[in-house]
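Residue numbers begin at 1 in each chain, while the letters A, B, ... track the order of the sequences.
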Amino acid sequence: MFDDDSFVDISEILEGQHTGKEVSIRGWVHRERDIGNMLFFNIRDPTGTVQATIAKDNFNEDKFDNIKGLLVESSIKIHGEVAEDERAPGGYEIRAMDAEIVHASDDFPIHEDQSVEHLLDNRHLWLRSTKMRDLMTIRSTVFGAIHEFFRKEGYKEFQSPILTPVACEGGSTLFPVEYFDDEVYLTQSWQLYAEAAIYGVGDIYTIAPSFRAEKSRTPRHLTEYWHAEVEGLWLDNDDLIELGEGLVLHIVDKVLDESFEELKNINEEGLEYLQNLEGPFPRITYEEAVEKLKDAGMDVSYGDDFGVPEEKKLTSMFEKPVFVTHYPKEIKAFYMKRDDDDPSKVLGYDLMVPHVGELIGGSVRETDVDSLVDRLEEEGEDPSIYEWFLDTRRYGSVPHAGYGLGIERVIMWLCNLDHIRDAIAFPRTPNRSRP
RNA sequence: GCCGUCGUAGCUCAAUUGGCAGAGCACUCGGCUGUUAACCGAGCGGUUGACGGUUCAAAUCCGUCCGACGGCGCCA
């Protein structure tokens with residue numbers, strides 16, 4: 001009965017494609033109701049959930065008794081006739097004529113009462129939930145959209161080592177890794193290697209994990225996150241803004257196009273905002289941002305980095321994501337190029353959205369060796385460790401720029417998630433490294 | 001790193017504020033041929049996070065530690 005490969009997706013049954021026909025399905029018991037001589041199962045596969053009914057009268061008695069005792073999440077194959085029936089959830093059901101237990105489940109640890117902690121402890125099982133399935137589907141679309149965008153723009157994919165000897169963002173904490181008799185670190189960024197590669201390979205991008213050993217207890221930080229980074233030759237700050245805006249808009253279009261149902265399940269209220277989103281995004285300078293915040297009554301002064309309250313206030317002033325440019329050099333990384341018009345500021349930007357904060361951070365790169373050494377020393381770094389990086393400025397350097405985008409933050413923004421950990425299957429946070 | 005909340009059955013939570021540790025769900029058994037998180041009846045289920053202290057008596061009060069969650073800071 002089940003050797004003929006005639007299995008259909010449950011979604012097809014729910015679309016009415018098999019009504020009146022005999023089909024087989026295979027999936028997991030989502031719920032079971034036993035009213036004695038009749039059993040009702042909600043059967044789930046990766047495409048949907050449908051009700052299966054099993055009546056004792058027209059079923060093998062031994063099989064009926066076996067199936068009667070099945071627990072939630074048991075895997076099963078069912079063969080039967082599809083019927084349209086308004087009594088069934090979803091409007092369709094399969095009336096079983098035969099069934100085969102693939103694996104009888106133990107008592108499943110997740111039931112209707114679920115705490116955040118319990119679901120995180122059982123993330124390996126919670127991935128079976130509709131919510132996580134939808135989120136992982138959207139995530140897959142986002143990754144695909146990033147590759148598609150950069151390749152379409154003529155960028156090559158380039159990989160850098162995960163194990164690295166140096167920091168990238170001064171001050172950020174690194175995860176040390178034993179490397180035989182030496183010590184190296186898990187990478188925080190692909191950027192420094194990218195800057196070495198562009199002179200030969202040309203415009204490049206990557207999607208790779210980055211690691212931060214900061215004990216950031218917030219809804220927007222992971223210690224291991226996926227980072228889309230890009231580095232392009234001859235780009236100025238305006239080019240880089242366009243490249244960032246283009247990527248974000250492409251991701252939004254792609255998710256609306258390919259994962260609309262999933263997005264609707266997860267964030268129906270946000271659909272309209274995303275559907276109406278188009279460029280250009282507003283652009284303001286750091287100085288203007290400070291003025292706006294002061295006007296709004298906030299206690300900030302020029303030179304302060306924005307905290308959560310400032311970020312919240314600022315993003316709430318715009319209908320779209322907002323580019324904030326020309327930060328003071330003191331609050332930005334050593335590799336950012338100073339603005340020739342005002343050397344106290346750097347040519348770079350943060351792209352900020354409400355609720356999530358910074359989606360993208362990017363800059364034109366400083367190409368002057370002396371300036372780089374000065375900035376490294378100001379941050380208390382030892383420039384000698386960066387010799388290989390400084391070499392990229394000694395041999396025919398050219399203007400270039402790049403940015404990094406936090407992929408889980410983008411997903412958090414698209415899906416209006418309360419916490420970034422739901423944007424990744426197995427989140428790594430300061431308090432959680434398993435499962 | 002700082003501030004706060006919490007930790008009781010497999011899960012979600014009670015325990016009249018110091019006086020016999022309980023309920024719902026799950027699970028097991030029994031009943032039921034149209035259920036919708038089915039329902040009805042019974043049963044199983046505990047070192048109250050750990051250690052110490054106060055007390056005739058501690059889940060409850062005090063101390064230390066552990067863990068989780070929430071917020072701030074740091075950052076993407």
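With both pairing distances under 3.5 Å, B:C29 is matched to B:G41 as a Watson-Crick or G-U wobble pair. Of all nucleotides present, only B:A50 satisfies the Watson-Crick or G-U wobble test against B:U64, with each distance under 3.5 Å. Searching all strands for a Watson-Crick or G-U wobble partner of B:U55 with both distances below 3.5 Å returns nothing. Look at B:U35: it lacks any Watson-Crick or wobble partner with both distances under 3.5 angstrom. Judged by Watson-Crick or G-U wobble contacts below 3.5 Å, the nucleotide B:C75 has no partner.
Rounded to the nearest Å, the gap between the P atom of B:G41 and that of B:C66 is 47 Å. For the C1' atoms, the distance linking B:A15 with B:C75 amounts to 45 Å, nearest Å. Across B:G19 and B:C39, the matching C1' atoms stand 39 Å from one another, rounded to whole Å. Distance check on atom P: B:A59 versus B:U47 gives 13 Å, rounded to whole Å. B:A23 and B:A42 have their P atoms separated by 11 Å, given to the nearest Å.
Crowding of A:D299 atom CG: a count of heavy atoms from other residues, nucleotides or ligands under 6.0 Å not exceeding 12. No more than 12 heavy-atom neighbours from other residues, nucleotides or ligands sit within 6.0 angstrom of NZ on A:K131.
When atom types are taken as modelled, the side chain of A:D342 and the backbone of A:S344 share a donor-acceptor pair closer than 3.5 angstrom. The closest donor-acceptor contact from the side chain of A:E245 to the backbone of A:F281 lies under 3.5 Å.
Checked for salt-bridge contact, A:E408 and A:R220 miss the test: no charged N lies under 4.0 Å from a carboxylate O. Taking the charged nitrogens against the carboxylate oxygens, A:E93 and A:R95 do have a contact shorter than 4.0 Å, which makes a salt bridge.
Contacts of residues 418-435 of chain A with RNA chain B (heavy atom under 4.0 Å): A:H419, A:R421, A:N431, A:R432.
The distance between atom NZ of A:K312 and atom C1' of B:G73, rounded to the nearest whole Å, is 14 Å. The CD-P distance, from A:Q114 to B:A26, rounds to 13 Å in whole Å.
Considering only side-chain atoms of A:R217, the nucleotide from B:G71, B:U35, B:C75 that sits closest is B:G71. Among the nucleotides B:G73, B:G34, B:A68, the one closest to any side-chain atom of A:T53 is B:G34.
Backbone-only engagement by A:R31 is indicated by non-hydrogen atom pairs under 4.0 Å involving sugar-phosphate atoms exclusively. Residue contacts shown for A:S210 are absent, as no nucleic acid heavy atom lies under 4.0 Å away.
Under the 30°/60° scheme for interplanar angles, the aromatic rings of A:Y386 and A:F389 are found to stand perpendicular.
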